[in-house]
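All remarks here apply to the structure that follows.
In what follows, residues are counted from 1 in the order of the sequence shown.
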Amino acid sequence: MAPDIRAITIKTMDAAPPFTLRQRLPRLLGSLLGLVLFLGALWVLQRTLEQYRYQDMVDYLRALPATNIAAALLLTVASYLVMTAYDLLALRYIRRRLDWHRTLFASFISYAFSNTIGLSVLTSGSVRFRLFSAWGLSALEITKVVLFSTLTLWLGVLVCGGLVLLVEPLHLPEVLRLPVSHSGWLGALLLIPPVGWLLLG
């Protein structure tokens, strides 16, 4: 006589121990942190926009040429496409294969959160952890992806900033109390970490 599958399933479920508070606490804290970050972002947004009226913003947008708005939208899309390449490079660096559409989706969502809320390492890292862990990546691999993306981003910022300050030096205000009067030396200092990283590679 075949065993009653339903009875076995119910019995197994009854035998499974309930989750303890210690096991549920990390998930509860993660959800609470996400809620706090979201409410904090809403508060910052409200404080930032309280000096503006809705009609003023609508009038300003209507006064802009349509070509400017289209160019801004296209450049925004292009910037997100470039940022998603960070995760593609990071996965190739750690020698882990993942469907490209999943990688692009996780990268786009994580950068959308980090660019909107801020605290990029925390926000984009938590989104990546949630998605990549569901697709089989370990915590160590996800950490490497986040570190690779962050390091790559800041190396690019240092290169661009250093080259701009070298090509178009600016007069530094005296209030900064720096030992140099123009930004050429500052641009050279910004280029030291990327050059050092390149030599180490």
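Summarising the geometry, atom OG belonging to S107 is positioned 10.5 Å from atom CG belonging to L131; distances are rounded to the nearest 0.5 Å. Taking OG1 of T143 as the reference point, atom CD1 of I94 lies at 10.0 Å (rounded to 0.5 Å). Rounded to the nearest 0.5 angstrom, R92 CZ and R97 CZ are separated by 10.5 Å. Rounded to the nearest 0.5 angstrom, L191 CG and L165 CG are separated by 9.0 Å. Taking CG of N68 as the start and CG of L61 as the end, the distance is 11.5 Å to the nearest 0.5 Å. The CD1 atom of I69 lies 11.0 Å from the CZ atom of R62; values are rounded to the nearest 0.5 Å.
For L89, the side-chain contact (heavy atoms from CB on, under 4.5 Å) partners at least two apart in sequence or on another chain are F148. A search for side chain to side chain donor-acceptor pair (under 3.5 Å) contacts involving D56 returns R53, not counting sequence neighbours.
When the side chains of ILVMFWY residues are joined at heavy-atom separations under 4.5 Å, either directly or via intervening members, L64 and M57 end up in two distinct hydrophobic clusters. Tracing side-chain contacts under 4.5 Å through hydrophobic residues (I, L, V, M, F, W, Y), one reaches F132 starting from F108; they form part of the same cluster. Grouping the Ile, Leu, Val, Met, Phe, Trp and Tyr side chains by contacts below 4.5 angstrom, directly or via other members, places W100 apart from I142. Put simply, F105 and F129 are part of the same group of oily side chains (I, L, V, M, F, W, Y) that touch within less than 4.5 Å, one to the next. Cluster membership for L153 and L151, using ILVMFWY side-chain heavy atoms within less than 4.5 angstrom, is not shared.
A 4.5 Å side-chain heavy-atom check between D99 and W135 finds every atom pair outside the cut-off. Side-chain atoms of L137 and L91, non-hydrogen and from C-beta on, do get closer than 4.5 Å to each other.
T150 places no side-chain N or O within 3.5 Å of a backbone atom of L147 that could act as its donor or acceptor partner. Under the 3.5 Å distance criterion, the side-chain polar atoms of S79 are matched with a main-chain donor or acceptor of T76. The closest donor-acceptor contact from the side chain of E141 to the backbone of S138 lies under 3.5 Å.
Here the two rings, on Y111 and Y80, have centers that are 6.0 Å apart or farther.
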Self-check item: Verdict with reasoning, S133 to R128, per side-chain contact (heavy atoms from CB on, under 4.5 Å)
Solution: CA-CA 8 Å; S133 61; R128 283 191 180 99; over 6 Å; no
Practice problem: Under the side-chain contact (heavy atoms from CB on, under 4.5 Å) rule, what do V145 and Y93 come out as? Steps first, then yes or no, please. | Solution: CA-CA 9 Å; V145 169; Y93 171 73; over 6 Å; no
Quiz item: I192 and L158: side-chain contact (heavy atoms from CB on, under 4.5 Å), yes or no, with the steps?
Solution: CA-CA 9 Å; I192 290 177; L158 291 176; over 6 Å; no
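What you find for Y86 and T152 is that their closest heavy atoms are CE2-CG2, 3.5 Å. Shown here for G187 and L166, the closest heavy-atom pair between the two residues is C-CG, 4.2 Å. A pairwise comparison of heavy atoms in G161 and L190 identifies C-CD1, 4.1 Å as the closest pair.
Counting heavy-atom neighbours within 6.0 Å of R130 CZ, excluding the residue itself, gives a total of 12 or less.
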